[in-house]
Amino acid sequence: TAVDQVIRHKAAFNVGAAVTRNELNSASYANTLKTHYSQITAEYEMKMAHIWNGVNNYNWTNADALVKFAEDNDMEVHGHTLVWYKSFPNWFKNANYDSASFEGHVKTYIETVVGRYKGKIISWDVANEIFLDNGGLRSTDCPVFKTFKDPVAFYGRCYRYAREADPEAKLFYNDYNVVLAGGKRGAMRSMATRFKSEGYPLDGIGDQMHYMETTNRNTIKNGLADMALTGLLIHISELDIRINTGQSDNFVYSTTEQQKHANAYKEIVEAYEAIPQSQKFAISTWGLHDGSTWLTDWWHPKEYPLLFDDKFEKKLTYEGFLNGLK
Ligand code: G3I
């Protein structure tokens, strides 16, 4: 197929997908991935809960395998994610560390993980989902909020630890509903301003973009433009678009639905293309094909959110994504 018919070649930025180590064992999966995508994100194997089994006890198997696959196939790796309230391992939470010990262990974790993949993983979501949609700091079930009087300063120091471990890696803050929730976006902007003035390194922000076909595209376009005003790199980091918006058991993925779906992808890619070229980093879909998406459990079994179907055939959404590229 001609270069401009393949998303990883037509795009002037990385086109990524969240992947799992086990799925790479399927030849169809691996071939589809390396043909169409230029970047991978570990869906869960590079999170604390998976890597960090105890003090100085790390499980590198799956993360190493994903990094090797990327190296072998001329792909980049986006590191997801170093500090996320949902991914602190139970052994760590149960230790009830005081703030000094908490930070000492997390510092060592960040230095160890980022140091191991120095020069191999080009970017990291250092912190993920620290704000609520209203702009307040997440507090429920958040070990960082429970431990620190000034959680944002703690996160800022985590960015410093990551920068020291790999000065070349681009450091991101990642969250969801960024273009939809003005409060959250405002909190992110003020954190970026504070980081800049207090010398905490931040290179980019990621909007996960777990959206629906009905999500207002003007809101998305305006929100992306607003985020771009920070001057930071912008990553659409976990794009999937729900089409079964009513979570209906009788949903039929008809040609009409597929065409609506393709248009949604086209318009979101166009909205991303509208930001300054120097601030583009990647558009990453959260998964490769409809046969393996977190939305089956979280949203509805009859959901077809991605660019490939469960037989690794390109869908109209793939054409939509391609047509949205400049
Ligand atoms: O595969 C292991 C299995 O071997 C083990 O026995 C089992 C018991 O713990 O865990 C299995 O791993 C699960 C993994 O998904 C693979 O299915 C983890 O428990 C489960 O927590 C993990 O869920 C992931 C979730 O993040 C939490 O890490 C989802 O796959 C992943 O799609 C989801 O992704 C998040 C982003 O990181 C942040 N944004 C939201 C997004 C969706 O929730």
Side-chain angles (χ1 to χ4, degrees), residues 16-26 29 33 37 39-54 57-66 77-94 109 113 121 123-133 138 140-144 155 171-181 184-185 188 204-212 215 234-242 247 282-301 303-308 310:
V19 302
T20 66
R21 194 257 169 281
N22 292 341
E23 289 177 295
L24 288 182
N25 294 328
S26 139
Y29 184 99
L33 182 64
Y37 295 85
Q39 186 180 81
I40 58 173
T41 300
E43 184 162 10
Y44 69 95
E45 290 106 330
M46 291 190 188
K47 291 167 182 170
M48 267 185 191
H50 188 83
I51 288 182
W52 207 13
N53 296 334
N57 177 351
Y58 301 92
N59 165 22
W60 301 117
T61 312
N62 290 335
D64 283 357
L66 289 171
V77 181
H78 175 69
H80 175 81
T81 175
L82 295 172
V83 185
W84 182 32
Y85 77 99
K86 269 190 179 170
S87 199
F88 279 95
N90 289 334
W91 69 264
F92 182 90
K93 287 188 285 192
N94 297 337
Y109 175 79
V113 175
I121 293 184
S123 49
W124 280 99
D125 290 335
V126 175
N128 186 47
E129 301 175 14
I130 76 168
F131 293 117
L132 303 171
D133 281 4
R138 182 182 297 280
T140 315
D141 297 336
C142 179
V144 174
Y155 289 116
L171 306 181
F172 282 80
Y173 172 70
N174 193 55
D175 215 326
Y176 59 87
N177 281 356
V178 179
V179 295
L180 300 183
K184 177 177 277 186
R185 195 165 67 248
M188 285 169 62
I205 35 187
D207 185 351
Q208 296 175 13
M209 292 215 181
H210 295 291
Y211 287 150
M212 296 210 276
T215 303
I234 306 294
H235 183 196
I236 295 182
S237 56
E238 307 183 15
L239 182 60
D240 43 33
I241 302 178
R242 279 159 276 153
Q247 296 174 286
I283 296 179
S284 307
T285 57
W286 202 245
L288 175 68
H289 63 101
D290 290 346
S292 163
T293 165
W294 71 291
L295 290 169
T296 307
D297 301 331
W298 186 75
W299 184 252
H300 195 279
E303 185 51 72
Y304 313 93
L306 295 164
L307 305 187
F308 291 88
D310 59 359

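Atoms within a ligand are numbered from 1 in the order they appear, just like the ligands themselves.
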Asks: Determine, stepwise, if the pair H210 / W294 fulfils ring pair (Phe, Tyr, Trp, His ring centres under 6.0 Å).
Replies: CA-CA 11 Å; H210 295 291; W294 71 291; 4.8 Å; yes
Asks: Restricting to ring pair (Phe, Tyr, Trp, His ring centres under 6.0 Å), what partner residues turn up for Y109, sequence neighbours left out?
Replies: W52
Asks: Quiz question: by atom type and distance under 3.5 Å, do the side chains of N177 and D133 form a donor-acceptor pair?
Replies: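 A pair is found: one side chain offers a donor N or O, the other an acceptor, under 3.5 Å apart.
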Asks: Not counting sequence neighbours, which residues clear ring pair (Phe, Tyr, Trp, His ring centres under 6.0 Å) with Y173? List them please.
Replies: F131
Asks: Tell me the residues surrounding ligand 1, counting only those with a heavy atom closer than 4.0 angstrom, sorted by chain and number.
Replies: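 Heavy-atom contacts below 4.0 Å: E43, Y44, K47, H80, W84, N128, E129, Q208, H210, E238, W286, W294.
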Asks: Can you name the one residue among E238, H80, Q208, H235 that meets side chain to side chain donor-acceptor pair (under 3.5 Å) with S284?
Replies: H235
Asks: For S26, what residues pass the side-chain contact (heavy atoms from CB on, under 4.5 Å) criterion, not counting sequence neighbours?
Replies: S28, Y29, F312
